[in-house]
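Below you'll find the structure, written out as structure tokens, and then a few comments.
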Number of protein chains: 2
Amino acid sequence: MDSVEPGDARRRRRTTTRIKEAMRELNNQLALLNHHVGVRLSLRDVDLDCLDLIARHGPLSPGALARRVGLHPATMTGILDRLQRGGWIVRERDPEATDRRSVTVRALRERNAELYGLYAGMNASMDELCAGYDETQLDVIADFLRRAGEAGRRATDELSEG
Amino acid sequence: MDSVEPGDARRRRRTTTRIKEAMRELNNQLALLNHHVGVRLSLRDVDLDCLDLIARHGPLSPGALARRVGLHPATMTGILDRLQRGGWIVRERDPEATDRRSVTVRALRERNAELYGLYAGMNASMDELCAGYDETQLDVIADFLRRAGEAGRRATDELSEG
DNA sequence: ATCAGCTGTTACGGTTTCCGTATCTTACGA
DNA sequence: TCGTAAGATACGGAAACCGTAACAGCTGAT
């Protein structure tokens with residue numbers, strides 16, 4: 001019987017739990033940070049989430065964005081209105097496009113300095129934190145974070161489909 | 001002049017940037033996951049954030065929670081109403097307390113299974129991901145995440161004060 | 001002891017946001 | 001060509017957010 005597991009297996013499990021706990025805490029803390037940043041910019045949390053997606057995953061349509069975030073298309077219209085009013089994005093309607101109904105949303109860079117300024121403290125802390133690790137360790141961390149992000153993506157997709 | 005920096009320093013900087021990028025992506029993805037979980041439970045994103053804080057940082061007062069999250073006290077009343085209606089928390093008014101005005105909010109465990117169930121996919125993926133690292137690497141990752149969370153906490157505090 | 005001032009919580013009301021429905025435009029298939 | 005489907009947004013009711021105020025209770029000074 002294996003009621004007594006090897007000590008190193010138990011230690012592993014504990015460390016894994018510790019990692020998940022730390023990730024939960026980090027996630028929660030970053031959500032709070034984002035909220036404060038949003039307040040400074042007169043944007044809602046979800047607005048920042050959408051802006052991030054637009055900036056990173058290229059120009060895309062309001063509908064596609066709404067499906068990705070899990071919001072009603074009409075809600076997305078309101079979000080994009082706020083972002084456009086603030087000069088964060090533009091809606092582009094290309095008369096030469098294959099589908100002339102579709103609108104593509106593009107992130108602007110005019111206010112990026114302002115945005116980065118609000119994250120400056122966190123950014124500096126991260127630089128300082130990374131400076132304490134050697135190259136090999138940094139690679140391990142970077143890879144872990146990337147794969148955790150992918151896992152999050154998959155979990156989100158499952159939840160929105162099932 | 002040092003316009004030419006050593007190759008390993010440049011590589012370091014790139015890896016650090018890659019880490020910050022991956023963290024941003026992870027954060028955004030987890031925000032989306034939380035949103036979908038919230039939809040299933042008829043809770044707003046901020047409700048889940050608050051519930052997490054209450055569960056992890058013990059029983060505390062509505063006012064303290066509002067300050068922590070950066071919300072108006074009246075808004076917190078609405079959030080706690082929703083959480084209480086859903087059976088996630090209870091408001092306790094201890095007649096024997098030092099300050100009889102104060103209310104403490106406590107997290108219940110009745111619906112925890114339901115909550116964990118929604119995170120089951122992500123949880124399993126994280127276990128799987130962690131299984132690919134050795135003990136030393138896991139320790140490095142756990143420590144990094146913990147310290148990143150602390151950095152987030154500091155950055156948030158600075159932003160809410162300054 | 002009493003009173004003034006402060007803190008904690010919540011009710012109330014105006015403003016904003018969210019989302020279901022309807023509408024308009026355009027694409028696609030029969 | 002016509003009917004159906006899909007994309008984006010206007011409209012309206014419901015909900016949420018937050019400023020103000022009201023009430024209870026603590027604290028310190030006179």
- Spacing between R93(B) atom CZ and dC26(D) atom P, to the nearest angstrom: 11 Å
- Item | Partner residues of Q137(A) under the side-chain hydrogen bond (donor to acceptor under 3.5 Å, both in side chains) criterion, sequence neighbours left out | none
- Query: Between L108(A) and L83(A), is there a shared hydrophobic cluster once you connect ILVMFWY residues whose side-chain heavy atoms come closer than 4.5 Å?
  - Reply: no
- Query: Just how far, in rounded Å, is P of dA8(D) from CG of D81(A)?
  - Reply: 13 Å
- Message: Give the residues of residues 55-67 of chain B touching DNA chain D, defined as any heavy atom closer than 4.0 Å, sorted by residue number.
- Response: none
- Task: Determine yes or no for a side-chain-to-main-chain donor-acceptor pair under 3.5 angstrom, with R82(A) supplying the side chain and R44(A) the backbone.
- Result: no
- Task: Ignoring backbone atoms, test whether R91(A) places a side-chain nitrogen or oxygen under 4.0 Å from the OP1 or OP2 oxygen of dT9(D).
- Result: yes
- Message: Strictly under 4.0 angstrom, non-hydrogen atoms only: write out the protein contact profile of nucleotides 22-30 of chain C, one letter per nucleotide from the 5' end, B, S or -.
- Response: ---BBS---
- Message: Under a 4.0 Å threshold between the charged nitrogen and the carboxylate oxygen, would D139(B) count as salt-bridged to R11(A)?
- Response: yes
- Message: Rounded to whole Å, how long is the line connecting atom CD of Q84(B) with atom C1' of dT9(C)?
- Response: 13 Å
- Report yes or no: does R12(B) contribute a side-chain atom to a donor-acceptor pair with the main-chain N or O of C130(A) at less than 3.5 Å? yes
- Message: Please find the pair of heavy atoms, one from L159(B) and one from R40(A), that lie closest to each other, and give the distance.
- Response: O-NH2, 2.5 Å
- Query: To the nearest angstrom, how far is L80(A) atom CG from dC19(C) atom C1'?
  - Reply: 15 Å
Identify all side-chain donor-acceptor contacts of residues 74-81 of chain B below 3.5 Å with residues at least two apart in sequence or on another chain.
unit_1, atom_1, unit_2, atom_2, d
T77(B), OG1, P73(B), O, 3.4
D81(B), OD1, R91(B), NH2, 2.2

- Salt bridge or not for R154(A) and D157(A), using N-O below 4.0 Å? no
- Task: Compare all side-chain heavy atoms of L60(B) with those of R68(B) and state whether any distance is below 4.5 angstrom.
- Result: no
- Query: Does the side chain of L65(B) come within less than 4.5 Å of V105(B)'s, by heavy atoms?
  - Reply: no
- Nearest-angstrom distance from the residue atom CE of M76(A) to P of dT17(C): 15 Å
- Using a cut-off of 4.0 Å between protein heavy atoms and nucleotide atoms, how would you tag nucleotides 14-21 of chain D 5' to 3' with B, S and -? --SSBBB-
- Message: By the salt bridge (charged side-chain N to carboxylate O under 4.0 Å, His left out) test, which pairs, at least two apart or in different chains, include something from residues 120-130 of chain A?
- Response: D127(A)-K20(B)
